**Q** 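Here you go, one structure.
Atoms within a ligand are numbered from 1 in the order they appear, just like the ligands themselves. As the structure is a prediction and not an experimental result, all values here were calculated from the model.
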Amino acid sequence: MLLCNALLFAAVACAAKSTSTKNQYVTRNGSQLLLNGKPWTASGGNVYWLGIDQNVVPPAGQPYAPPASYPTQGRITEIMSTLVTMGAHAFRSTTMGVSVGYPLSLEPELGQWNDQAFDTIDWAVYQAGLHGLRLFAPLIDNYDYYHGGKFVFLRWFGIDISSSATPLSPLVMEFYNNQTIVDAFKTYIEHLLAHKNQYTNLTYAEDPTIFAYETGNELGGPVFGDMDVPPAWTDEICSYIKQLAPKKLCIDGTYGINKTHLTIDSVDIMSDHFYPPNIAKLNSDIALAGGANKAYIAGEYDWTGNVRSAAPLQSWFGVTQNNTNVVAGDLFWSLFMHDVPNCSVYVDHDDGFTMHYGDPNNTAHNNTQIRTVRKHLFELQGKQIGNSFPPVQCP
Ligand SMILES: *[C@@H]1O[C@H](CO)[C@@H](O)[C@H](O)[C@H]1NC(C)=O
Ligand SMILES: *[C@@H]1O[C@H](CO)[C@@H](O)[C@H](O)[C@H]1NC(C)=O
Ligand SMILES: *[C@@H]1O[C@H](CO)[C@@H](O)[C@H](O)[C@H]1NC(C)=O
Ligand SMILES: *[C@@H]1O[C@H](CO)[C@@H](O)[C@H](O)[C@H]1NC(C)=O
Ligand SMILES: *[C@@H]1O[C@H](CO)[C@@H](O)[C@H](O)[C@H]1NC(C)=O
Ligand SMILES: *[C@@H]1O[C@H](CO)[C@@H](O)[C@H](O)[C@H]1NC(C)=O
Ligand SMILES: *[C@@H]1O[C@H](CO)[C@@H](O)[C@H](O)[C@H]1NC(C)=O
Ligand SMILES: *[C@@H]1O[C@H](CO)[C@@H](O)[C@H](O)[C@H]1NC(C)=O
């Protein structure tokens, strides 16, 4: 074996080799993802706030449109070190793909662009690459939160319906079915993917660090969980992503596997979310995706073990790890660290799923769960680890 410092030309060759995987694209072979010809999984966690956050009041003078603010570079960098320390290969970040309809968004109003919103996304993509991580992001949200979603596009075209009615107005389907609205969404996608990262000089379309885009987060129709997303829309969005970015993989962001989507050629990866982790649903998803020769990602799961009916994480991971010919990753919801530059407090989020790696305030139960996640992520790298929590440096 060649030692990297043996000769000058060898050192150059070695440096080139060490970056070669970083510059390679993740590809799909049937139901498996490959990197550098070897099976690869997008295993890790969700960090939804890397583009725009809602949990911190920034110092006076910084952009702030309550509750939205931009996270500091230090917060983003600390998250990347934390993911590496936890054994992650990848992360999923909602606000690196969904950013419409509010003053700090990438598209605050229809056809108006706020390119300052790219600063945090650029930094997160750049840092992910430096840390050897890959990422994917949904492009629209099924809900009506601070980062925007399909209701923003509907409002832009005069369809102002309640996002909390059950069932929703059937007009919600216009997001998928009205070509004027679909085209406006595609213009948003084009603006995002054509953006050139100030730290890498690569467009998001080109950058292999972003291995995939997801059509959306937990998409459905009028009834929660109905999976009512037209196959023609899913195909149109995935095909458009590939037209703009031929090396990108496309993830079907329908909430659950809609069987009518299994034959869409432009979809590479089916996905589902787990609140709580459920083994029967996981096995059924794997059979459907694998049977259709698609890869599969469990894009979110509740890591806390607080719900009585939850499958123990270890058993649930047993199923994903036994099926890596189809399961191309699982990602816990969701990671927060310090309020950098203030390294003495952790940022809190109130959805009950906040993971704080290394927080002295964690209960023993919280740490048992985090340890189980970390062991799982390292086992996927073929490594056995102990019980300790190696510290992560707060920048
Ligand atoms: C691609 O998948 C086929 C069928 O499962 C398999 O035979 C082949 O070895 C795979 N190729 C690579 C490069 O993994
Ligand atoms: C789609 O939305 C546009 C803009 O609101 C509207 O003018 C048009 O009539 C709609 N098309 C259909 C087929 O409903
Ligand atoms: C990006 O390109 C510009 C113009 O060619 C160049 O000045 C700059 O150094 C490049 N930056 C990186 C990070 O490659
Ligand atoms: C799946 O998609 C089809 C076509 O859009 C839709 O009719 C159906 O309601 C969806 N949901 C399920 C559970 O099949
Ligand atoms: C941490 O553990 C406590 C006690 O079990 C629990 O109430 C809390 O929800 C846990 N935190 C998270 C984020 O699960
Ligand atoms: C995983 O596979 C091993 C070996 O076939 C088996 O012993 C184990 O029970 C499986 N675990 C799960 C959770 O399916
Ligand atoms: C960090 O935040 C805590 C809680 O808000 C505050 O008490 C402390 O003074 C802050 N530390 C620094 C260095 O700003
Ligand atoms: C731990 O919890 C206490 C009480 O809520 C809080 O004041 C302190 O800031 C927390 N410590 C960290 C590191 O977040």
**Q** With heavy-atom distances below 4.0 Å as the criterion, list the atoms of ligand 7 near S344.
**A** 1 (C)
**Q** Considering only heavy atoms, which of D228, T254, T234, I257 lies nearest to atom 6 (C) of ligand 4?
**A**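 Result: the heavy atom closest to atom 6 (C) of ligand 4 is in D228.
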**Q** Does the protein put a heavy atom under 4.0 Å from atom 11 (N) of ligand 3?
**A** yes
**Q** Any N/O of T260 closer than 3.5 Å to an N/O of ligand 4?
**A**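 N/O-N/O distance below 3.5 Å exists for this pair.
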**Q** Return yes if some donor-acceptor pair links the side-chain N/O of N278 with the main-chain N/O of K281 below 3.5 Å, else return no.
**A**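 Judged by distance alone, yes, a pair lies under 3.5 Å.
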**Q** So if I count the atoms of ligand 4 from 1 in the order they appear, which ones are less than 4.0 Å from some heavy atom of D226?
**A** 10 (C), 11 (N), 12 (C), 13 (C)
**Q** Does any donor atom in the side chain of Y48 or H147 lie under 3.5 Å from an acceptor atom in the other side chain?
**A** no
**Q** Check the side chains of N142 and K150 for a donor-acceptor pair under 3.5 angstrom, ignoring hydrogens and angles.
**A**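 Yes - a donor-acceptor pair under 3.5 Å links their side chains.
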**Q** Please state whether the rings of Y199 and Y126 are parallel, tilted or perpendicular, taking 30° and 60° as the class boundaries.
**A**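 Ring orientation, 0 to 90° scale: parallel.
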**Q** Could you check if a side-chain atom of I370 sits within less than 4.5 angstrom of a side-chain atom of W303, using non-hydrogen atoms only?
**A**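 Result yes, sub-4.5 Å side-chain heavy-atom pair found.
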**Q** For the residue pair E379 / Q321, report whether a side-chain donor-acceptor contact shorter than 3.5 Å exists.
**A**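 Yes - a donor-acceptor pair under 3.5 Å links their side chains.
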**Q** Can you report which non-hydrogen protein atom sits closest to atom 3 (C) of ligand 3, along with the distance?
**A** N201 ND2, 3.6 Å
**Q** To the nearest 0.1 Å, how far is atom 13 (C) of ligand 3 from its closest protein heavy atom, and which atom is that?
**A** Y199 O, 3.4 Å
**Q** Considering only protein heavy atoms, which is closest to atom 4 (C) of ligand 7, and at what distance to one decimal place?
**A**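 Among all protein heavy atoms, the one nearest atom 4 (C) of ligand 7 is V345 CG1, 3.8 Å.
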**Q** Looking at atom 2 (O) of ligand 7, what's its closest protein heavy atom, distance included?
**A** N342 ND2, 2.3 Å
**Q** Here's a test for you: under ring-ring contact (aromatic ring centres under 6.0 Å, His included), which of W333, F317, F353 qualifies with Y301?
**A**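 Running ring-ring contact (aromatic ring centres under 6.0 Å, His included) over W333, F317, F353 with Y301 returns exactly one hit, F317.
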**Q** Can you list the atoms of ligand 4 that are under 4.0 Å from a heavy atom of P231?
**A**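 Here the atoms of ligand 4 in question are 4 (C), 5 (O).
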**Q** Just need the protein heavy atom nearest to atom 1 (C) of ligand 4, so name the residue and atom and give the distance.
**A**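 Among all protein heavy atoms, the one nearest atom 1 (C) of ligand 4 is N258 ND2, 1.5 Å.
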**Q** T203 side chain to A194 main-chain N or O, any donor-acceptor pair under 3.5 Å?
**A** no
